[in-house]
Trainee: 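I'd like to ask you about the structure that follows.
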Amino acid sequence: MSDDIRRNMALFPIGIVMRLTDLTARQIRYYEQHGLIVPARTSGNQRLFSFNDVERLLEIKALIEKGVNIAGIKQVLLPINKDSEDATVLNEQSEMKRRELTDSQLHKLLKRQLLHERRPGQVSLIQGELSRFFH
DNA sequence: ATTCTTACA
DNA sequence: TGTAAGTA
């Protein structure tokens with residue numbers, strides 16, 4: 001899929017990303033400091049963001065709005081898992097015949113729950129406490 | 001006019 | 001996080 005290069009093309013400066021994400025420059029730079037995003041730089045040291053960067057920032061924003069702190073976001077966003085490869089390995093893992101979840105699957109599940117679902121009464125497992133669910 | 005880094009509220 | 005200062 002050569003569409004990835006397009007999504008990773010450094011295109012827009014921070015000003016545009018601010019409007020696209022409704023985040024302040026302060027926040028965007030802060031998330032970068034914590035390794036949540038790694039925008040490219042121009043020869044003049046100016047940041048250039050890609051579509052992937054913007055999408056990632058939107059995910060970060062969603063998590064922040066749900067009360068997740070930087071530490072928690074790192075655990076949910078940093079693991080750049082390869083589920084496709086994971087699926088293949090799963091069929092060969094005779095040891096875990098039972099419906100146990102692979103780490104990446106569990107991670108994917110939690111990420112989805114954290115990014116979307118949110119029923120009233122369901123207390124969120126956020127503010128770093130999320131770390132207790134990862135090994 | 002925009003963005004960048006640093007630093008303090 | 002906001003914002004002021006001094007640059008590039």
Side-chain angles (χ1 to χ4, degrees):
Chain A
M1 186 179 272
S2 186
D3 185 59
D4 273 41
I5 71 171
R6 256 174 256 206
R7 296 187 179 231
N8 284 310
M9 281 200 291
L11 301 175
F12 12 72
I14 199 168
I16 292 179
V17 178
M18 288 174 70
R19 300 173 190 173
L20 262 39
T21 64
D22 277 298
L23 290 172
T24 65
R26 181 78 169 84
Q27 293 177 298
I28 297 172
R29 293 174 183 136
Y30 179 72
Y31 303 148
E32 176 185 18
Q33 283 191 293
H34 290 273
L36 269 37
I37 53 173
V38 187
R41 295 277 182 149
T42 67
S43 54
N45 196 43
Q46 303 225 192
R47 272 168 269 251
L48 283 186
F49 303 76
S50 66
F51 280 98
N52 281 329
D53 291 325
V54 175
E55 288 179 22
R56 199 178 183 66
L57 283 171
L58 289 175
E59 290 188 296
I60 295 172
K61 183 190 175 190
L63 292 172
I64 288 293
E65 296 180 323
K66 292 190 172 183
V68 183
N69 57 34
I70 299 299
I73 294 177
K74 283 183 180 179
Q75 299 177 63
V76 179
L77 250 35
L78 285 184
I80 307 174
N81 297 313
K82 300 177 181 177
D83 290 309
S84 58
E85 181 183 322
D86 180 67
T88 303
V89 178
L90 180 62
N91 296 315
E92 301 168 11
Q93 301 268 277
S94 59
E95 292 182 17
M96 41 190 284
K97 296 177 182 178
R98 293 165 193 172
R99 290 139 198 162
E100 292 180 37
L101 299 169
T102 63
D103 289 336
S104 62
Q105 288 181 314
L106 172 59
H107 185 280
K108 183 179 179 182
L109 181 66
L110 290 176
K111 178 180 177 180
R112 179 154 51 58
Q113 180 188 313
L114 208 52
L115 244 28
H116 311 310
E117 289 180 35
R118 186 90 309 178
R119 286 167 288 182
Q122 177 181 48
V123 181
S124 56
L125 30 77
I126 50 185
Q127 294 297 319
E129 297 306 316
L130 217 174
S131 62
R132 304 192 312 141
F133 294 85
F134 293 84
H135 292 186

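Residue numbers start from 1 in every chain, and the chains themselves are labelled A, B, ... in the order their sequence lines are given, proteins ahead of strands. Here the structure is a predicted model, which is why all the values come from computation and not from measurement.
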Trainee: Can you sort out the partners of A:F51 under side chain to side chain contact (heavy atoms under 4.5 Å, CB included), two or more places apart, ordered by chain and number?
Mentor: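 A:F51 satisfies side chain to side chain contact (heavy atoms under 4.5 Å, CB included) with A:L11, A:F12 once adjacent residues are dropped.
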Trainee: Mind listing the residues from residues 37-45 of chain A sitting with a heavy atom below 4.0 Å of DNA chain B? Number order is fine.
Mentor: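 Nucleic-acid contacts, sorted: A:R41, A:N45.
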Trainee: For a side-chain contact (heavy atoms from CB on, under 4.5 Å) check, start with the C-alpha distance between A:L20 and A:F49, then their side-chain angles and the critical distance, and finish with the verdict.
Mentor: CA-CA 11 Å; A:L20 262 39; A:F49 303 76; over 6 Å; no
Trainee: What is the first contacted nucleotide of DNA chain C and what is the last, in 5' to 3' order, if contact means an atom lying under 4.0 angstrom from a heavy atom of chain A?
Mentor: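 Listing 5' to 3', DNA chain C meets chain A from C:dT1 to C:dT3.
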Trainee: Please list, chain by chain and in numerical order, all residues satisfying side chain to side chain donor-acceptor pair (under 3.5 Å) with A:E59, sequence neighbours excluded.
Mentor: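 A:E59: no side chain to side chain donor-acceptor pair (under 3.5 Å) contacts found.
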Trainee: Residues from residues 14-28 of chain A sitting under 4.0 Å of DNA chain B, heavy atoms only?
Mentor: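 The stretch gives A:I14, A:G15 as the residues lying under 4.0 Å from the strand, ordered by number.
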Trainee: Just to verify, what does A:Y31 make a ring pair (Phe, Tyr, Trp, His ring centres under 6.0 Å) with, not counting sequence neighbours?
Mentor: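 Once residues adjacent in sequence are excluded, A:Y31 has no partner under the ring pair (Phe, Tyr, Trp, His ring centres under 6.0 Å) criterion.
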Trainee: Sort and list the pairs that fulfil salt bridge (Lys or Arg N to Asp or Glu O under 4.0 Å) and have at least one residue in residues 29-54 of chain A, not counting sequence neighbours.
Mentor: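 Qualifying pairs, neighbours excluded: A:E32-A:R41, A:E32-A:R47.
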Trainee: I need the minimum non-hydrogen distance between A:I37 and A:I28, along with the two atoms involved.
Mentor: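 Residues A:I37 and A:I28, closest heavy atoms: CD1-O, 3.7 Å.
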Trainee: I'd like the 5' and 3' limits of the part of DNA chain B contacted by chain A, with heavy-atom contacts below 4.0 Å.
Mentor: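 With heavy atoms of chain A under 4.0 Å away, the range is B:dT3 to B:dT5.
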Trainee: Check the hydrophobic clustering (I, L, V, M, F, W, Y; side-chain heavy atoms under 4.5 Å; chains of links allowed) and say if A:L48 and A:I16 are grouped together.
Mentor: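 No; A:I16 is not reachable from A:L48 via cluster members.
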Trainee: If you assign each of A:Q46 and A:Y31 to its closest nucleotide in DNA chain C, which residue comes earlier from the 5' end?
Mentor: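 Comparing both residues, the 5'-ward one is A:Y31.
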Trainee: Compile the donor-acceptor pairs under 3.5 Å between side chains in residues 3-10 of chain A and protein atoms, sequence neighbours left out, one pair per line.
Mentor:
{"from": "A:D3", "atom 1": "OD2", "to": "A:R7", "atom 2": "NE", "distance (Å)": "2.9"}
{"from": "A:N8", "atom 1": "OD1", "to": "A:N52", "atom 2": "ND2", "distance (Å)": "2.5"}
{"from": "A:N8", "atom 1": "ND2", "to": "A:D4", "atom 2": "O", "distance (Å)": "3.0"}

Trainee: Judged by atom type as modelled, is there a donor-acceptor pair below 3.5 Å linking the side chain of A:H34 to the main-chain atoms of A:A71?
Mentor: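 Judged by distance alone, no pair lies under 3.5 Å.
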Trainee: Within the 4.5 Å heavy-atom criterion, are A:L114 and A:L110 side-chain neighbours or not?
Mentor: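 No, every pair of side-chain atoms sits at 4.5 Å or beyond.
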Trainee: Using a 3.5 Å limit on both pairing distances, list the dot-bracket string of DNA chain C from the 5' end; Watson-Crick and G-U wobble pairs count, crossing pairs take [ ], interstrand pairs take |.
Mentor: ||||||.|
Trainee: Residues in side chain to side chain contact (heavy atoms under 4.5 Å, CB included) with A:S43, at least two apart?
Mentor: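 By the side chain to side chain contact (heavy atoms under 4.5 Å, CB included) rule, A:S43 matches no residue at all.
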Trainee: How many angstroms lie between atom CD of A:Q27 and atom CE of A:M18, to the nearest 0.5 angstrom?
Mentor: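 So the CD of A:Q27 and the CE of A:M18 are separated by 9.0 Å.
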Trainee: Okay, side chain of A:R56, backbone of A:L77: is any donor-acceptor separation there less than 3.5 Å?
Mentor: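 Yes, because the side chain of A:R56 sits within donor-acceptor range (under 3.5 Å) of the backbone of A:L77.
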Trainee: Same hydrophobic cluster for A:V76 and A:Y30, using side-chain heavy-atom links shorter than 4.5 Å among ILVMFWY?
Mentor: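 Yes, same cluster.
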Trainee: May I have all residue pairs that pass salt bridge (Lys or Arg N to Asp or Glu O under 4.0 Å) and include part of residues 14-23 of chain A, sequence neighbours excluded?
Mentor: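 Applying salt bridge (Lys or Arg N to Asp or Glu O under 4.0 Å) to every pair that reaches into residues 14-23 of chain A, excluding sequence neighbours, yields nothing.
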Trainee: Considering every strand and a 4.0 Å limit on heavy-atom distances, what is the contact class for A:R29: base, sugar-phosphate, or nothing?
Mentor: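 Since a base atom lies under 4.0 Å of A:R29, the category is base.
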